[in-house]
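To keep things clear, I will list the structure first and then write my remarks on it.
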Amino acid sequence: MMDTVEAISMPAIVCHGGAGHSAKDQPGVDAAVEAGWEILQSGGTALDAALAAVVIMEDDPALNAGTGGRIRADGSVQLDAAVMTSNGQFGAISCIQQTKNPILVAAKLLDDNVNIISGRGAREFADNIGIAREKVEGSLKLTGNDTVGAVARDETGLMVVASSTGGCTGMPAGRIGDVPLIGAGLWCDERIGIAATGIGEQITLKMSSVRMADRIEEGYDIENVLNWGINQYPPDVEVGFIALTTEGEGLGLANTKMPWSSKV
Ligand code: ASP
């Protein structure tokens, strides 16, 4: 007899294209939501949906991740990415080079006993799992930062957060922002999934994602959680978040422009 999975939850997805990005970059975010939604609608997992959405945004040269990753002070393109699941798995890579879709490398760490790999080791890990080395052009824009992110929930109730970034323009080689840091750039547990974007050093100092998640426990709703997160920063520190809880649709909020979109 075939096992059937009882649907206990309503699938949903929310994506963002980075704090500071304008409405002209909305199409890439919409395409990411559509791709993830299609997977969820056909009974696919939140992991597959979140990864598919982020891959689309990594491949969009207008967004700062993968192909459009910002160039470092030494001219290199070094990328960070992370994935976290509501059932307690986490994987991240930082400062990886020659890799168009770093999110797929980070995802391979979910089942590994290592949580985070950086630099040369990250690229060698990708070699070992069969992800080819490719030239990553990087964005020619001289300023800007931003990140892409997705949070998905599938019919089993599993939630997954996936984030990917080129970091902030002109940062030193080897700099690690908030994106691959658990609790800072992302958080996911059985109550809520959160992805951050903005000035990585500030987000890391405040450990925003996990502190926001704790407010759900205290009885606050998703809108309150996002507002509280944003209000921890002065207005000149660009920051934005997307979040999704066990019920309802996802939400995005930023203290600047931020293309985001959701479906439930
Ligand atoms: N948080 C990212 C970083 O600092 C960039 C961004 O999202 O704006 O690497």
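Since we're looking at a predicted model, the values are computed, not measured. Atoms within each ligand, like the ligands themselves, are counted from 1 in listed order.
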If we count only N and O atoms by modelled type, under 3.5 Å, do the side chains of E58 and S164 hold a donor and an acceptor together? yes
Please name the residue in the list V160, T45, I39, I8 that meets the side chain to side chain contact (heavy atoms under 4.5 Å, CB included) test with D154. T45
May I ask you to check if ligand 1 and I199 share an N or O to N or O distance below 3.5 Å? no
Hey, which atoms in ligand 1 end up nearer than 4.0 Å to a heavy atom of G198? 1 (N), 2 (C), 3 (C), 4 (O), 5 (C), 6 (C), 7 (O), 8 (O)
Under the criterion side chain to side chain donor-acceptor pair (under 3.5 Å), I'd like the reasoning laid out for Q89 against D111: C-alpha separation, chi angles, the key distance, then a yes or no. CA-CA 7 Å; Q89 292 180 301; D111 293 320; 2.9 Å; yes
The closest protein heavy-atom partner of atom 8 (O) of ligand 1 is D146 N, 2.6 Å
Contact list for residues 112-122, test salt bridge (Lys or Arg N to Asp or Glu O under 4.0 Å), sequence neighbours left out: R120-E124
Is the cationic atom of K206 (NZ for Lys, CZ for Arg) positioned less than 6.0 Å from the six-membered ring centroid of Y233 and within 45 degrees of its normal? yes
Do me a favour and list the nearest non-hydrogen protein atom to atom 7 (O) of ligand 1 with residue, atom name and distance? T147 OG1, 2.4 Å
Short N/O distance, under 3.5 Å, between E201 and ligand 1? no
Option from E218, E247, E217 for which salt bridge (charged side-chain N to carboxylate O under 4.0 Å, His left out) with R191 holds: E217
Between R175 and ligand 1, which residue portion shows a heavy-atom distance shorter than 4.0 Å: side chain, backbone, both, or neither? side chain
Which of the numbered atoms in ligand 1 are below 4.0 angstrom from a heavy atom of D178? 1 (N), 2 (C), 3 (C), 4 (O)
Only heavy atoms of T197, strictly under 4.0 Å: list the atoms of ligand 1 that pass. 6 (C), 7 (O), 8 (O)
Would you say E134 has more than 12 foreign heavy atoms packed within less than 6.0 Å of its CD? yes
Can you check whether D80 has an N/O within less than 3.5 Å of an N/O in ligand 1? no
Looking at ligand 1, is there an atom of it that comes within less than 4.0 Å of some heavy atom belonging to C168? yes
